[in-house]
Structure formats: structure tokens, C-alpha cells
Amino acid sequence: MASHLLTQLRVRPGTAPDLTNRDTDETFGWDKVEAKAELEVVKQRLDALQVRLFAERTRSLLLVLQAADAAGKDGTIRSIFSGLNPAGVRVTSFKVPAGREVEQDYLWRVHAACPAKGEIGVFNRSHYEDVIVVRVHHIVPKAVWSKRYRHINEFERMLVDEGTTVVKCFLHVSEEEQRQRLQERIDNPEKRWKFRAGDLEDRAKWPAFQAAYADALTATSTSSAPWYVIPADRNWVRNLAVAKVLLDTLERLDPQLPAPDIGIEQITVV
Ligand code: ADP
């Protein structure tokens, strides 16, 4: 049952996500071949619901993806959204702030990228970088980043109040799985373009990143904008789990087609 799965994945508001005790290699008893087939079924449901959300044009959905390097944010987006209408999906990848982004407050670029009514927005990294990488790299002092949890909760609350459903997934990989994936990026010429020297510097700070993630998830998993911790050592588990979170969220949103013009059924196109 999806709802049982979701309860298992969700970080209950006010509690810590207990990342060290969550199995990154979890399979939920799923079989790989069946899971891939089920993903296709889930994607068809997502496609049908996206059409309704787009037609309704009154609400939107925001999926936030955060993860350590090589946990598979790009792969998740490709696998889940490949079957949806691109006109209704808006993917934004947040990089190191540049230009005007540096001069504005940290939420400025984030707010501008939020989905419009009828859209599904996907954040590949997000405002959570401003309490994670910024903290680990000491880009701003603690006195500054520690206040951001409250800003983020209030910002997301505002989005929710104004019609955006916010759902957040942390792709949880093990340190060993990340090592193998980074090595693969070095060894495989087709994947070398993905490798950044900074990945190794960040990897050396693994405990600090995990601590920053744990604190961020604890402080910002709310009933209106919950965090889900997705076991991500196996791509097929990760993809299906995120797709199920999304499907459950969209089903509960239950978007409706707009009412047709009165008397439309009497019209014959000649
Ligand atoms: P990705 O790893 O997401 O595929 P990149 O290799 O271009 O893409 O990495 C983007 C980098 O931008 C990451 O190292 C990330 O930590 C950094 N970044 C994103 N947002 C911020 C921010 N607000 N402040 C500092 N660094 C950030």
C-alpha cells in the first residue's frame, strides 16, 4: 500500500530523520523487474493527473530534490518525468549563486523558479543548499544560516497557502555507494563530464554534510511541506519510491477538469 510506504519514508514533523539508521539499500521487498513495470504504470497515472492539473490551472505542485553528489537527482528526474508533457513541467537546477543572485536574498531566485498555476515544478537542489553547503563550507556564519530554517518554513507555508503543494525528497545514498559512483564517473569516459574535483572535497566532508541534512530535515519537515527520505543505493527503488510519493501527492490533490461552457454538448462542428 502506497500510504504505508509513504508513512515509512516521511519524516514526521518535529522528529529527526535518523539518517544513520535508515537503510540506503532498502528494497521494500520489491522485485527489480516488477518495480520497473510498476513505474511505467505509475507514470501513466502521473501523466493523466498532470493533464488535469494543467487544465485546472488553479494549483501547482513543487517537488524538491536534495541529495549528496552522485545520489541520482538527474536520473530520478529523467526516469519519472520522461513520460509527462514537458509544457507542464518546469525543472530548475540550482548552481552556485552568480551575478544578481548573490546580491539578492537567498530565496529570491528560488521564488522566481516556483511553478506557475497548473505546473509541476521540480527543483534539482534548492533553497536547502543555503542551510547545507553554505553551512558546511562556512560561506555565511551560523548566526545567519541558523535563522534560515524559520524563513524556509514560512516561505513554504506561503507557497502552500497560495496553492502550491510542496513535497520534498532526500535521496539517501551510503558513503560507499557514493564512492563507487564517483569512481565510475572517473573510469567511464561517457560519464567523465559529470565529475568535478569539488566532489572529492565535499566527499571528504561527508559527516558534516550528513549532519547538515539531518538538521535541515528535522527543522523543516512540516505537515504541509513534508520531507521523504528515499533509499537511493538502487536506482530502480529510488525511482519508484519518488514516483509513488508524487503520485500519492497528486492523487490527494485530485485536480479537476474545468467545467465546460454551458450547452457545449449541443454544438456540432461543421
Ligand atoms: P549538480 O551536482 O547538481 O549536478 P553541479 O555539479 O553544477 O550540479 O553542482 C552545483 C553546485 O552548486 C553544488 O556543489 C552545490 O552545492 C552548489 N550550490 C547550489 N546552490 C548553492 C548555494 N545557494 N550556495 C552555494 N553553493 C550552491
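Atoms within a ligand are numbered from 1 in the order they appear, just like the ligands themselves.
In terms of polar-atom proximity, defined here as any N/O pair under 3.5 Å, Ser126 makes no such contact with ligand 1.
In Val96, the parts holding a heavy atom less than 4.0 Å from any atom of ligand 1 are both the side chain and the backbone. The side chain of Lys73, and not its backbone, has at least one atom closer than 4.0 Å to an atom of ligand 1 (non-hydrogen atoms only; side chain from C-beta on). Heavy atoms of Ser93 found under 4.0 angstrom from ligand 1: none, in either backbone or side chain. The proximity of His137 to ligand 1, defined as any non-hydrogen pair under 4.0 Å, does not occur for either the backbone or the side chain.
The Pro97 neighbourhood of ligand 1 comprises atoms 21 (C), 22 (C), 23 (N), 24 (N), 25 (C), with distances under 4.0 Å to a heavy atom of that residue. Atoms of ligand 1 found under 4.0 Å from any heavy atom of Val134, numbered from 1 in the order shown, are 24 (N).
Here atom 4 (O) of ligand 1 lies nearest to Asp74 when heavy atoms of Ile139, Asp74, Asp130, Val140 are compared. The option with the heavy atom closest to atom 9 (O) of ligand 1, from among Arg196, Lys194, Glu101, is Arg196.
Under a cutoff of 6.0 Å and an axis angle of 45°, Arg57 and Phe54 form a cation-pi pair.
Remark: Lys43 does not engage Asp47 in a salt bridge, criterion side-chain N to carboxylate O under 4.0 Å. A salt bridge is absent between Asp74 and Lys194: the closest approach of a Lys/Arg side-chain nitrogen to an acidic carboxylate oxygen does not fall below 4.0 angstrom. Salt bridge present: Glu176 and Arg179 bring a charged side-chain N and a carboxylate O closer than 4.0 Å. Under a 4.0 Å N-O distance rule, the pair Arg196/Asp199 qualifies as a salt bridge.
Judged by distance alone, with hydrogens and angles left aside, the side-chain atoms of Arg90 form a donor-acceptor pair with the main-chain N or O of Cys114 at under 3.5 Å. In this structure, Arg59 contributes its side chain and Leu253 its backbone to a donor-acceptor pair below 3.5 Å.
Atom 8 (O) of ligand 1 has its closest protein heavy atom at Lys95 NZ, 3.2 Å. Looking from atom 3 (O) of ligand 1 to the surrounding protein, the closest heavy atom is Arg125 NE, 2.6 Å. Among all protein heavy atoms, the one lying closest to atom 15 (C) of ligand 1 is Glu129 OE1, 3.6 Å. Considering only non-hydrogen protein atoms, atom 26 (N) of ligand 1 sits nearest to Val133 CG1, 3.5 Å.
Using a 4.0 Å cutoff on heavy atoms, Arg109 counts as a contact of ligand 1.
A donor and an acceptor atom, one from each side chain of Gln44 and Glu40, are nowhere located under 3.5 Å apart.
In this structure the side chain of Glu129 never reaches within 4.5 angstrom of the side chain of Tyr106, judged on heavy atoms.
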